[in-house]
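This report concerns only the one structure given below.
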Amino acid sequence: MTQKIKYGIIGAGSMGREHIRNIEIIDEAEVVGLSDINNGSLQKSLALLKKNTPTFNNHLDLINKNLADAYIIATPNFSHIEILRDIIKT
């Protein structure tokens, strides 16, 4: 059995949900955490997942939980660099 790549999704809006849909069809991948400041977006994204997945209102909380092997940054473009810097720090 191949070990799955664990993804954390930062940004649970429409782009985050698109990434979730794509990950859900890959046997060797799974979403292990979601982060978004908007609770409505988190709920819509959770509805796409086949298992109970932890959610966070702050991307730092997701990163600090150390659940993921990789992160997908699906927030507005102008915020990517700061979030990437936060990921690199850990």
Side-chain angles (χ1 to χ4, degrees):
M1 182 173 153
T2 306
Q3 187 175 12
K4 291 186 177 194
I5 298 172
K6 299 174 184 176
Y7 286 92
I9 308 289
I10 300 173
S14 60
M15 285 308 300
R17 290 190 293 276
E18 184 63 27
H19 287 292
I20 290 168
R21 287 183 195 97
N22 291 325
I23 291 169
E24 285 293 296
I25 62 173
I26 301 170
D27 290 336
E28 298 83 18
E30 65 179 324
V31 176
V32 295
L34 298 170
S35 170
D36 200 290
I37 60 172
N38 183 301
N39 194 47
S41 293
L42 284 172
Q43 295 309 310
K44 288 178 183 177
S45 290
L46 277 174
L48 298 174
L49 295 168
K50 299 173 186 170
K51 64 178 184 125
N52 190 17
T53 304
T55 62
F56 305 88
N57 293 113
N58 184 318
H59 70 277
L60 291 172
D61 294 335
L62 170 59
I63 295 165
N64 290 331
K65 274 291 196 184
N66 200 29
L67 301 171
D69 300 316
Y71 295 94
I72 292 175
I73 302 172
T75 58
N77 290 342
F78 70 87
S79 66
H80 289 185
I81 190 68
E82 290 303 321
I83 294 170
L84 183 58
R85 286 180 179 140
D86 290 337
I87 292 168
I88 292 170
K89 288 179 191 174
T90 59

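In this chain, numbering begins with 1 at the start of the sequence shown.
- For the pair I23 and I20, the minimum side-chain heavy-atom distance is 4.5 Å or more.
- The backbone N or O of A12 lies less than 3.5 Å from a partner atom in the side chain of R17, making a donor-acceptor pair.
- A heavy-atom distance below 4.5 Å is not found between the side chains of L48 and E24.
- Taking 4.5 Å as the limit, every side-chain heavy atom of S35 sits out of range of all side-chain heavy atoms of T55.
- When all heavy atoms are compared, the tightest approach of Y7 to A68 is C-CB, 3.9 Å.
- When all heavy atoms of A74 and G11 are compared, the closest pair comes out as CB-O, 3.6 Å.
- A single hydrophobic cluster is not seen to contain both I25 and I72; linkage of ILVMFWY side chains at heavy-atom distances under 4.5 Å, directly or through other members, places them apart.
- At a threshold of 4.5 Å between non-hydrogen side-chain atoms, the residues L62 and L34 do not count as touching.
- One hydrophobic cluster, built from ILVMFWY side chains closer than 4.5 Å, cannot hold both I9 and M15; they sit in different ones.
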- Show your reasoning for whether side-chain contact (heavy atoms from CB on, under 4.5 Å) applies to D69 and V32. CA-CA 9 Å; D69 300 316; V32 295; over 6 Å; no
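- Residues forming a salt bridge (Lys or Arg N to Asp or Glu O under 4.0 Å) with K50 (at least two apart in sequence, or on another chain): none.
- Within the 4.5 Å cutoff, the side chain of I63 has heavy atoms near those of the Y71 side chain.
- Residues D86 and K89 form a side-chain contact, since some pair of their non-hydrogen atoms from C-beta on lies under 4.5 Å apart.
- L46 is not listed as a side-chain neighbour of N52, based on a closest heavy-atom distance of 4.5 Å or more.
- In this structure the side chain of N64 never reaches within 4.5 angstrom of the side chain of H59, judged on heavy atoms.
- Placement of L67 and L49 in two distinct hydrophobic clusters is found when ILVMFWY residues are connected by side-chain heavy-atom separations under 4.5 Å, directly or transitively.
- Of the listed residues (D36, I37, L42), just one forms a side chain to side chain contact (heavy atoms under 4.5 Å, CB included) with N57, and that residue is L42.
- I81 and L60 end up in different hydrophobic clusters when Ile, Leu, Val, Met, Phe, Trp and Tyr side chains are linked at under 4.5 Å.
- At least one donor-acceptor pair closer than 3.5 Å links the side chain of S45 to the backbone N or O of S41.
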- Criterion salt bridge (Lys or Arg N to Asp or Glu O under 4.0 Å) on R21 and E18, from CA distance to verdict: CA-CA 5 Å; R21 287 183 195 97; E18 184 63 27; 3.5 Å; yes
- Derivation and outcome, side-chain contact (heavy atoms from CB on, under 4.5 Å), residues E30 and K51: CA-CA 10 Å; E30 65 179 324; K51 64 178 184 125; 3.3 Å; yes
